Amino acid sequence: MENSSVGESSQRVDWKTVIVFVSIAFSSQCGGGFASGSTPWSYFFKNTGFYGMLPVVTQPYFCLFMPFAVAAINCFVIYFFMKFAMDFRTFDYGSFLLKYGQGFCKGIFARPMQIIYELNFNWLLIVCMALAYSTSGSALSELTGIPYIITTLIVGAIMLLLCMKGASLVRKNAVFMSGVIFIALLLVHVPNIFFNISSGRLSSEFVRMSDELQAGMTAGEGSYVTYLLTAFVWAYIFSGQNLAGFGAYVNHAQLFSNKKTLRLGVILSVIANWAFLEMNVINLASNYSAVYDGWADGKAVYTILVVQEGVGSGALKTVMLTLLTIAIFFATISTAINYAQGFNDRILNWYQERIKEPPKISEAKRNKRGAILTFLYICLTWGVSQAGLTSLVSKGLTLASYITLFTLIIPTVINAGIGWKDRD
């Protein structure tokens with residue numbers, strides 16, 4: 001009886017762990033590009049191709065089901081690779097990838113997977129940080145009229161201070177920051193969804209999307225099947241750029257004490273991200289004409305257009321724009337500081353191991369070295385951010401999605417198919 005009660009206790013859902021993981025996953029995936037509408041617009045509405053590897057087509061007619069495709073991919077992949085990490089106690093991505101690649105083809109891909117992901121992760125450290133304050137800079141520029149180069153300098157200076165002083169604060173307050181983003185986006189999107197549906201704006205914009213689809217097929221840009229398949233590919237790409245940072249998820253696998261808690265944590269995190277992505281897409285679709293014109297004019301923060309064209313008077317819109325700005329800023333902070341901290345830890349750990357420095361001396365010098373690294377990192381990523389938000393999304397993160405196919409997606413499908421013995 002005693003063993004039975006212990007077994008039952010070990011399978012109870014740890015709700016604290018679930019809430020912490022959902023908060024971390026939500027704030028990680030709901031970054032600046034997500035909150036600003038730039039990422040879903042670039043992937044679900046008006047893609048710009050990818051160096052000739054994908055056709056340049058407008059496929060917004062399929063936009064409403066694409067977030068569900070993203071959620072399905074994320075749920076399958078996140079659950080199985082985190083389950084693998086729990087079973088084999090591999091909580092850093094280096095040892096995880098070596099073990100993950102040993103289950104098929106006699107392990108010949110294990111080391112290449114690790115090396116390629118290492119390069120991909122370093123690339124992500126640069127692109128995602130640049131994207132983070134590029135988003136805030138774009139929002140500030142569009143709301144105030146201040147030149148983009150100045151607003152990104154302002155945001156970069158704020159990020160420098162926060163990255164040197166606020167990393168532990170942000171990590172400890174993941175639930176609070178996620179709550180702020182959650183509530184702010186909820187208050188912005190839900191009223192506008194009701195307004196856009198009840199006013200008939202969503203249905204009228206879908207008529208335009210349908211007309212564009214028919215015009216494209218008539219002009220020979222592609223068949224209905226071509227458009228549909230392209231939509232699925234871009235849904236995968238959106239998912240792939242989320243999963244490209246799976247190194248952090250592997251680390252969080254050690255939070256879970258049993259598979260029941262893991263399943264619930266993954267499912268709820270995926271549902272939360274799907275719901276907010278779907279709301280974002282519905283409002284973008286309802287304002288397709290206005291957002292399209294804004295995109296053509298070089299704007300990059302499309303949820304601002306959603307608010308400006310949406311429900312309420314001037315005072316209500318001011319409140320919503322304020323909430324939206326707060327959500328984008330918090331999403332930016334959570335992304336930027338985590339990546340900056342990751343950058344510092346990786347470089348400092350490598351350097352200290354290389355010079356064989358005593359741990360006490362390394363610890364004493366860590367803050368000073370971290371400050372120098374953070375400054376260099378901010379300068380580098382600020383330079384990258386001048387490429388513009390749309391370019392960073394459509395080219396930078398898309399590349400990461402292709403690499404993730406080899407380092408994580410295909411290996412997960414293979415490992416899930418082959419199976420492995422569960423750890424008790």
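Quick caveat: nothing in here was measured; it's all calculated off a predicted structure.
- Distance check: I116 CD1 to R111 CZ gives 11.5 Å after rounding to the nearest 0.5 Å.
- Taking the centre of each ring, W382 and Y377 stay at or above the 6.0 Å mark.
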Please evaluate residues D87 and K259 with respect to the criterion salt bridge (charged side-chain N to carboxylate O under 4.0 Å, His left out), reporting the C-alpha separation (whole Å), side-chain torsions for both, the decisive distance (0.1 Å), and the verdict. CA-CA 10 Å; D87 284 333; K259 305 294 173 52; 2.7 Å; yes
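- A distance below 6.0 Å separates the ring centres of F84 and F96.
- For the residue pair D92 and S95, a side-chain donor N or O sits within less than 3.5 Å of a side-chain acceptor on the partner.
- Note: N192 CG to L187 CG = 11.0 Å, rounded to the nearest 0.5 Å.
- Aromatic ring centres of F26 and F276 lie closer together than 6.0 Å.
- Between Y224 and F62, the two ring planes are perpendicular [angle over 60°; tilted spans 30° to 60°].
- Looking at heavy atoms from C-beta onward, E205 lies out of side-chain contact with N287 at the 4.5 angstrom threshold.
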Would E212 and R208 count as a salt bridge (charged side-chain N to carboxylate O under 4.0 Å, His left out) if you check the C-alpha gap in whole Å, the side-chain angles of each, and the deciding distance to 0.1 Å? CA-CA 6 Å; E212 286 190 1; R208 173 178 173 176; 3.1 Å; yes
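- Remark: the N74 side chain and the N273 side chain contain no N/O donor-acceptor pair separated by less than 3.5 Å.
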Audit row: F232, F65, ring pair (Phe, Tyr, Trp, His ring centres under 6.0 Å) steps and yes/no: CA-CA 9 Å; F232 272 117; F65 77 78; 5.4 Å; yes
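- Listed by chain and number, the residues in a ring-ring contact (aromatic ring centres under 6.0 Å, His included) with F256 are F21 (sequence neighbours excluded).
- Test L405, V77, T412 against L243 for side-chain contact (heavy atoms from CB on, under 4.5 Å) and you get one pass: V77.
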